[in-house]
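Comments concern the structure below.
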There are 2 protein chains.
Amino acid sequence: MGIFSKTCEYAIRSVFFIAHRTAGQTGRVGIKEIAVGIDSPEPFLAKILQDLSRRGIVQSTKGPNGGFYLDSASLERPLSDIVAAVDGNDIFYGCGLGLKQCSEVNPCPLHNEFKDIRNKIHIMLHETKIGEFNDELMNGMLSLKK
Amino acid sequence: MGIFSKTCEYAIRSVFFIAHRTAGQTGRVGIKEIAVGIDSPEPFLAKILQDLSRRGIVQSTKGPNGGFYLDSASLERPLSDIVAAVDGNDIFYGCGLGLKQCSEVNPCPLHNEFKDIRNKIHIMLHETKIGEFNDELMNGMLSLKK
DNA sequence: ATAATAAAAGACTATTTTATCTTTTATTAT
DNA sequence: ATAATAAAAGATAAAATAGTCTTTTATTAT
Ligand code: FES
Ligand code: FES
């Protein structure tokens, strides 16, 4: 188990993929190409993108020349929006040792340490925008598969 | 989902509990008291402690006055040993976006950020010793339940 | 020796997460 | 209008994680 659920990993990678494949142009990209591009099981990814689409995190149209894309507002969104939508915000606010409620008045032994780490994760994901890596993804300096 | 699996959360909390309940004295503490003390399902915790016992992370004896305890070597162990035993070391070395292999030559978009965060988690868990919070746990300044 | 105690071991159940397959709906080109 | 295309929706299936229950083994006190 990593930091995020498998679902969330696929979600982030697919959104990065859609971003760099449709940025600028009025293009769309199909589920098949996305699944290959991020090395994920296609039907599972379809479910995930359905959900992201319902939530307005990605855009889509059906039919010929249809597919997924991102409008300019979506490209500016922080990654934390995706993580919160898919995994909830336990990773931002929950107790690292699983106490029902992280609190200053009844802290677990690692409270201060976790608070610091959670904040770093939160800030990092909040400061990173979906469209931020388009150039490096297009020229192959960054990878979303393997 | 938090940073650790439920199993791992229970494991860490129970080890802290055993540490502060048996430190110094030659005492033992039973599964029942531990389960109440950390608010976990007793039979599930029994399985977890069985595993930690087999791995030598906690000590135990059967029979009357039996129970779990920690020898002085165990009290000095870092928390990272527990996490590695239970959840593996994906959290220390794995790619945050789920690429099969985190690498400098084929990095994911968040590679540098994740590397930094993973290192902080690793260092924190490595520098924290199991017996470190015994005093605060005994006088109630820190909590392992609720 | 025997009975009582408490963890170890093993078999089993439930829930959640991950993944697949089929049918329906919307869009476009002809 | 019709056929082709591609996502949405819905119904299942498989695997992993979380949790329970019963029997066995080791230890101790009597
Ligand atoms: S109480 Fe555990 S992280 Fe705050
Ligand atoms: S490649 Fe993703 S964290 Fe290193």
Side-chain angles (χ1 to χ4, degrees), chain A residues 1-15 18 21-22 26-36 38-70 85-88 90-91 98, chain B residues 1-15 17-18 21-22 26-36 38-70 83 85-88 90-91 98:
Chain A
M1 190 206 274
I3 302 233
F4 306 128
S5 67
K6 220 109 221 354
T7 302
C8 192
E9 291 174 352
Y10 291 147
I12 297 174
R13 275 153 55 199
S14 65
V15 168
I18 297 168
R21 273 287 287 96
T22 66
T26 167
R28 314 275 150 88
V29 59
I31 182 75
K32 209 154 225 158
E33 185 182 343
I34 305 170
V36 171
I38 69 166
D39 189 30
S40 76
E42 191 197 310
F44 188 40
L45 183 63
K47 281 297 168 201
I48 297 168
L49 285 176
Q50 251 173 58
D51 182 53
L52 293 181
S53 175
R54 254 184 264 111
R55 293 169 185 274
I57 292 176
V58 304
Q59 285 68 53
S60 71
T61 54
K62 299 177 175 182
N65 309 318
F68 296 90
Y69 62 102
L70 294 167
V86 176
D87 278 356
D90 266 24
I91 198 167
Chain B
M1 190 205 272
I3 303 233
F4 306 128
S5 66
K6 222 103 217 3
T7 301
C8 192
E9 292 174 351
Y10 292 146
I12 297 174
R13 274 153 55 199
S14 64
V15 169
F17 188 87
I18 297 168
R21 275 287 287 97
T22 66
T26 168
R28 314 275 150 87
V29 60
I31 182 76
K32 209 153 226 158
E33 184 182 343
I34 305 170
V36 172
I38 70 166
D39 190 29
S40 77
E42 191 198 309
F44 188 39
L45 182 63
K47 280 296 169 204
I48 297 169
L49 286 176
Q50 250 173 59
D51 183 53
L52 293 181
S53 175
R54 253 184 265 111
R55 294 168 185 274
I57 292 176
V58 305
Q59 286 67 52
S60 70
T61 54
K62 299 177 174 182
N65 308 319
F68 297 90
Y69 63 101
L70 294 166
V83 173
V86 176
D87 278 357
D90 267 23
I91 197 166

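So you know, we letter chains A, B, ... as the sequences are listed, proteins then strands, and number each from 1. No experiment lies behind these values; they were computed from the predicted model shown.
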Using whole Å, report how far [atom1] of [X] lies from [atom2] of [N].
| X | N | atom1 | atom2 | answer |
| --- | --- | --- | --- | --- |
| A:Asp90 | C:dT17 | CG | P | 11 Å |
| B:Gln59 | C:dA8 | CD | P | 11 Å |
| A:Ile48 | C:dT20 | CD1 | P | 11 Å |
| B:Leu45 | C:dA8 | CG | P | 11 Å |
| B:Asp87 | D:dA16 | CG | C1' | 13 Å |
| B:Ile34 | C:dA6 | CD1 | P | 12 Å |
| A:Ile31 | C:dC21 | CD1 | C1' | 15 Å |
| B:Phe68 | C:dT5 | CZ | P | 18 Å |

Would you say [X] places a side-chain N or O within less than 4.0 Å of OP1 or OP2 belonging to [N]?
| X | N | answer |
| --- | --- | --- |
| B:Ser60 | C:dA8 | yes |
| B:Tyr10 | D:dG19 | yes |
| A:Thr7 | C:dT18 | yes |
| A:Arg54 | D:dA9 | yes |
| B:Asn65 | C:dA6 | no |
| B:Ser53 | C:dA8 | yes |

Among [options], the one nearest [X] by side-chain distance:
| X | options | value |
| --- | --- | --- |
| A:Pro43 | C:dT20, C:dA4, C:dT18 | C:dT20 |
| B:Gln50 | D:dT28, D:dA7, C:dA9 | C:dA9 |
| A:Pro64 | D:dA7, D:dT5, D:dG19 | D:dT5 |
| B:Lys62 | D:dA8, D:dT25, D:dA18 | D:dT25 |
| A:Phe44 | D:dT20, D:dA6, C:dT20 | C:dT20 |

Whether the side chain of B:Lys47 and the base of D:dA18 hold a donor-acceptor pair under 3.5 Å is what I'd like checked. no
Go nucleotide by nucleotide along DNA chain C from the 5' end; which of A:Arg28 and A:Phe4 gets its closest nucleotide reached first? A:Phe4
Considering all heavy atoms of both residues, which atom of [X] and which atom of [Y] are nearest to each other, and what is their separation?
| X | Y | value |
| --- | --- | --- |
| A:Tyr10 | A:Ile38 | O-CD1, 3.7 Å |
| B:Ile91 | B:Ile3 | CD1-CG2, 3.0 Å |
| B:Tyr69 | B:Ile18 | CA-CG2, 3.6 Å |
| A:Phe4 | A:Asp87 | CA-OD2, 3.5 Å |

For the CD1 atom of B:Ile31 and the CG atom of B:Leu45, what is their distance to the nearest 0.5 Å? 4.0 Å
Hey, does A:Leu49 reach any base, or is it just sugar-phosphate, or nothing, if we go heavy atoms under 4.0 Å? nothing
Checking base pairs now: Watson-Crick or wobble, both atom distances under 3.5 Å. What partners [N]?
| N | result |
| --- | --- |
| D:dA7 | C:dT24 |
| C:dA14 | D:dT17 |
| D:dT2 | C:dA29 |

Using distance alone, with no hydrogens and no angle criterion, decide if B:Arg13 and B:Ser40 have a side-chain donor and acceptor under 3.5 Å apart. no
